[in-house]
Amino acid sequence: MASEPTRGKDFLRTIVDEDLAAGRHQHVATRFPPEPNGYLHIGHAKAICVDFGIAADYGGTCNLRYDDTNPTKEDVEYVEAIERDVRWLGFAPSRVLYASDYFEEMYRLACRLIEKGLAYVDDHDDEQIKAHRGSLTEPGRPSPGRDRGVAENLERFAAMRAGALPDGACVLRAKIDLGAANMKMRDPLLYRIRHAHHHRTGDAWCIYPMYDYAHPLSDAFEGISHSICTLEFENNRELYDWVIAATEVTPLPDLVAGRPVGAPPRQYEVARLALDYTMMSKRKLLRLVEDGLVAGWDDPRMPTLAGMRRRGFTPEAIRAFCDLIGVAKNNSTVDVGKLEYAVRDDLNRRAPRLLGVLRPLKVTLTNHAAGDERLAPLFPEDLDPERTRGARAVPFDKDLYIDAEDFSLEPPPGFRRLAPGRVVRLRYAEAIRCDEVRLDDAGQPVELRCAVVPAAEAHGEKVWGVLHWVSATRGVRCEVRLYDRLFDVPRPDAAEDVRTVLNPRSLEVVAGAVVEPHVAALPAGTRFQLERLGYFVADAVEARPGALVLNRVITLRDSWEKATAAAGPDAEVAAPAARSARSKTRPDKKSAAEQRTIARARDPELAARHDRWLALDVGADLVDLLTGDRDTSDLFAATLAAAPARARTLARWIVNELPRELGDRAPGETALTATALAALVGLVDDGDITAAAGKELLAELVAQGGDPVALVAARGLRQVSSADDLGPLVAEVLARNGDKVGQYRGGKTGLLGFFVGQVMKASGGKANPATVNDLVKRALEA
RNA sequence: UCGGGGAUCGUCUAAUGGUAGGACACCAGCCUUUGGAGCUGGCCAUCAAGGUUCGAAUCCUUGUCCCCGAACCA
């Protein structure tokens, strides 16, 4: 039985499942919220696939929402490019919306905040605000305006909007907590003055909301259920929730018409995509464009969707790549090889095979007349076994070209191509033998005179390889652009100056390539393979009828080149992850152990218990853990009173097993009582029930309370230890898993745990594990 | 001397106390009129140390390392 490939649901979909099951939401609503200040890149593609993908999986909706709250950086050019790229990737937004359309409503809610005493106008400039914000380890200090009255704040905020004040004169801030450990909560800015033209609202506004204010409100207006962003916003989540609660924002009816809206939106963070040898910073990408280091946002070497599209990547390949890398919270850097794999895998299946020559070397057939052709299928047999995907005629003439690379005067070992005196096969045509080489003055071959060798193999000729070729008389001249990675180093983002990490060979223009005529007949946008060379597409921007310009999308996998380049200069080892200067100076966290010590120093009762319990047969480690806080300590004291002889077991259960059931709650907040816990532990300690049953019971006591002894009796949970009772169970499990029995006997002894687990489950947790182990082992080895 | 996150094959990612799985990469073999594709096999991981448990990647403890946070950016 082939085990089907398992891919567990990612953590976001797990959360969505739970929210749907719990009734928190009936409808899944997500959004993709780019700021229109640059072109979308492959990192955004991941976000798009997550946002739109989850909505699609659950029959929900996903809005494209421009987060256009900073007029100084944004532009309609980007707005248009973004929607085009999203649609090209294959996703249709449920709605296309703009945060700037919510400005009036946001302003209204800001006034509400002021009225509630939760926001104020601050006259400090940015330097003063910074100085008053404190540091990671020191609290902030209030600025003079912090305690102004509501009426005055309202008036001043209105003045900000009215336009009388210059940029930077004042800001609106939330009044939260200047001492908050989370810097984002130290009275964050809500609005700033910007006398700037907005690409959409024009000059209607001169105050603009900040991200932390605009984003949660936009989500709430649209009735978003799950708001997914990247890891660096984890600190913003607390503020996100604050804004939604403080403004008491509700969905806008127009935006959620016809669908149920459940609980307020919640933010979830996922790792952003990092790709080695790739730059993701929009700012640095913009520099590349502005400095003319690339031909534009859609330069085929750019990691932008526009660039990849022009290069010839397909949306299917990019989506497959996003599936491949998954969604998680680990900081990770994906190997670009995975992207390349996805592109090749997609193109392999869809691209017709044609012939073309990059650097032509003339071959004259000495025993072939002229004007012939060869019929060649467009796809190899493994992709088209029924031969239904078409064929074309390839001109075959006396004068041909092969690629210069495919000929060597002195072939190195392992060179399976043409050389003087050798025979090779021409793809889809006859074999030829190189009888004569004509050289130029520099000693370079300029013409090979070859004879066609009919039925070479049948005559026992050694055929050294198969070469691509093209007719010299009927081939089509064209320009071909060969792309390599734009950057030379694994982490170009880390470089101060991008110029230093640019790969000087990222673009090679081959002017004199020749391809078979069929290439020119392909519908625009068709990706095709030139056999043995890679995948190509006509450049959509610069190709003209009669002046073909081809982009190489990607090379073929090439095990020959890999073998030859093995000793090559790939000396760039991953840059040592230079520990940031900051992390060195960072204070260490106060450890939990220290906190317990401090608690005892402050609370004499805890200290007294600590000393007293040291005399018990419990162990110093456990006593330490039991006396770090009152809740735990009280519980142990109470259970100890009920069952003084069981101190050690009691301690273990409280320390090791209880936390899992409690979660964040204190014992007193649950249905669990000390007497019940003591009784439960007694049951386990005496062997009346198994540890497994004990844990199940504990979960129930925490949830609903009850008397363990009575529960055990009512459910018949007493431990079963006799081999007579357990034997049949073991036999049944083994019979049901014959294949695994075989594997076990074949040496896969790790399966023992599997069998024991199965028996334990079958017994409802009542079986004595030691007996089961024994029984299983004996049965397996019988 | 703070707050928030994260550590599983070289890489990405599963396994919610019961077989550490998949993919990419790599290596070998088969096949091949693409040094492609395909097929088969192989190498390879739970950050460390203790503890609880019949059984720990998973629960408890201690420690280590990494990322983010003090824009009128998003």
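Lettering follows sequence order; numbering is per chain, from 1.
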Heteroatom pairs (N/O) under 3.5 angstrom, protein to nucleotides 72-74 of chain B:
from	atom 1	to	atom 2	distance (Å)
C72(B)	OP2	Arg133(A)	NH2	3.1
C72(B)	O3'	Arg194(A)	NH2	3.4
C72(B)	N4	His124(A)	O	3.1
C72(B)	N4	Asp126(A)	N	3.3
C72(B)	N4	Gly168(A)	O	3.1
C73(B)	OP1	Arg194(A)	NH2	2.7
C73(B)	OP2	Arg192(A)	NE	3.1
C73(B)	OP2	Arg192(A)	NH2	2.8
C73(B)	OP2	Arg194(A)	NH2	2.7
C73(B)	O3'	Asn70(A)	ND2	3.4
C73(B)	O3'	Arg192(A)	NH2	3.2
C73(B)	O2'	Asn70(A)	ND2	3.3
C73(B)	O2'	Lys73(A)	NZ	3.2
A74(B)	OP1	Thr69(A)	OG1	2.8
A74(B)	OP1	Arg192(A)	NH2	3.0
A74(B)	OP2	Tyr211(A)	N	3.1
A74(B)	O3'	Asp67(A)	OD2	3.1

Just N and O in the side chain of [X]: are any of them under 4.0 Å from OP1 or OP2 of [N]?
X         : N      : value
Ser559(A) : G36(B) : yes
Arg353(A) : U34(B) : no
Asn330(A) : A7(B)  : yes

Side chain to side chain donor-acceptor pair (under 3.5 Å) partners for [X], two or more places apart:
X         : result
Thr597(A) : none
Ser721(A) : Asn768(A)
Arg349(A) : Asp345(A)
Asp774(A) : Arg778(A)

*Drop me the distance from Tyr66(A)'s OH to Asn37(A)'s CG, to the nearest 0.5 angstrom.*
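CG of Asn37(A) is found 12.5 Å from OH of Tyr66(A).
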Can you tell me how far [atom1] in [N] sits from the matching atom in [M], rounded to whole Å?
N      : M      : atom1 : value
A14(B) : U1(B)  : C1'   : 38 Å
G6(B)  : U46(B) : C1'   : 15 Å
G51(B) : C2(B)  : C1'   : 30 Å
G18(B) : C27(B) : C1'   : 34 Å
U11(B) : G17(B) : P     : 27 Å
C47(B) : U40(B) : P     : 31 Å
A74(B) : U58(B) : C1'   : 37 Å
G41(B) : G21(B) : P     : 15 Å

*Is the glycosidic torsion of A71(B) within 90° of 0, making it syn, or is it anti?*
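Syn conformation here, the glycosidic angle of A71(B) being no more than 90° from 0.
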Looking at every strand, decide which applies to [X] at a 4.0 Å heavy-atom threshold: base, sugar-phosphate, or nothing.
X         : value
Gly414(A) : base
Ala431(A) : nothing
Arg186(A) : nothing
Arg532(A) : base

_Lys NZ or Arg CZ of Arg374(A) over Phe396(A) ring: under 6.0 Å, within 45°_ =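 Geometry flag: set, cation within 6.0 Å and 45°.
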*Mark yes or no: Arg194(A) above the aromatic ring of Tyr208(A), with NZ or CZ under 6.0 Å from the six-membered ring centre and no more than 45 degrees from the axis.*
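Relative to the ring axis of Tyr208(A), which defines the angle, Arg194(A) lies outside at least one limit.
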*Just by distance, with hydrogens left out, do Asn236(A) and Asp212(A) show a side-chain donor and acceptor under 3.5 Å apart?*
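The criterion, which ignores hydrogens and geometry beyond distance, is satisfied for Asp212(A) and Asn236(A).
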_With no hydrogens and no angle check, just 3.5 Å: does a side-chain donor-acceptor pair link Asp685(A) and Thr649(A)?_
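Per modelled atom types, Asp685(A) and Thr649(A) side chains form a pair under 3.5 Å.
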*Please list all pairs passing the salt bridge (Lys or Arg N to Asp or Glu O under 4.0 Å) test where one or both residues lie in residues 177-192 of chain A, with sequence neighbours left out.*
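For residues 177-192 of chain A: Arg146(A)-Asp187(A).
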Measure the distance from [atom1] on [X] to [atom2] on [N] and round it to the nearest whole Å.
X         : N      : atom1 : atom2 : result
Asp187(A) : A71(B) : CG    : C1'   : 17 Å
Ile402(A) : U34(B) : CD1   : C1'   : 15 Å
Asp558(A) : C26(B) : CG    : P     : 12 Å
Asp346(A) : A37(B) : CG    : P     : 14 Å
Tyr428(A) : U34(B) : OH    : C1'   : 7 Å
Tyr277(A) : C24(B) : OH    : P     : 21 Å
Lys777(A) : G55(B) : NZ    : P     : 11 Å
Lys329(A) : G5(B)  : NZ    : C1'   : 6 Å

*For the side chain of Val466(A), starting at C-beta, report the closest nucleotide among G18(B), G5(B), U34(B).*
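Comparing G18(B), G5(B), U34(B) against the side chain of Val466(A), the answer is U34(B).
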*From the list C12(B), U34(B), G69(B), which nucleotide is the closest neighbour of the side chain of Met183(A)?*
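My answer, after comparing the listed nucleotides, is G69(B).
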*Classify the ring geometry between Tyr240(A) and His215(A) as parallel (under 30°), tilted (30 to 60°) or perpendicular (over 60°).*
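Geometry flag for His215(A) against Tyr240(A): tilted rings.
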*asked:* Angle between ring planes, Tyr211(A) versus Phe233(A), binned at 30° and 60°: parallel, tilted or perpendicular?
replied: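 Tilted, since the angle between the ring planes falls between 30° and 60°.
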*Could you pull out all residues at least two apart from Glu138(A) that satisfy salt bridge (Lys or Arg N to Asp or Glu O under 4.0 Å)?*
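Here no residue qualifies.
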*Sequence neighbours left out, what passes salt bridge (Lys or Arg N to Asp or Glu O under 4.0 Å) with Glu531(A)? Give chain and number order.*
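Partners of Glu531(A) under the salt bridge (Lys or Arg N to Asp or Glu O under 4.0 Å) test: Arg427(A).
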Set out, line by line, the N/O atom pairs under 3.5 Å between protein and nucleotides 58-61 of chain B.
from	atom 1	to	atom 2	distance (Å)
C59(B)	O4'	Arg660(A)	NH1	3.3
C59(B)	O2'	Asn656(A)	O	2.9

*With sequence neighbours excluded, residues passing side-chain contact (heavy atoms from CB on, under 4.5 Å) with Asp558(A)*: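 side-chain contact (heavy atoms from CB on, under 4.5 Å) check on Asp558(A) returns Trp560(A), Glu561(A).
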*asked:* Just to be sure I understand: a Watson-Crick pair is purine N1 to pyrimidine N3 plus N6-O4 or O6-N4, both under 3.5 Å. Using that and G-U wobbles, which stems of three or more pairs involve RNA chain B?
replied: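 Stem list for RNA chain B: B:2-7 with B:64-69, B:10-13 with B:21-24, B:26-30 with B:38-42, B:47-51 with B:59-63.
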*Any donor-acceptor pair under 3.5 Å linking the side chain of Asp68(A) with the backbone of Tyr98(A)?*
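No; zero donor-acceptor contacts below 3.5 Å.
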*Identify, between Phe415(A) and Asp10(A), the residue whose nearest nucleotide on RNA chain B lies closer to the 5' end.*
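The answer here is Asp10(A).
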Strictly under 3.5 Å: I want the nitrogen or oxygen pairs between protein and nucleotides 38-48 of chain B, one per line.
none

*Is Trp560(A) stacked on the base of G35(B), meaning ring centres closer than 5.5 Å and planes within 30 degrees of each other?*
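Given the distance and angle limits, yes, they stack.
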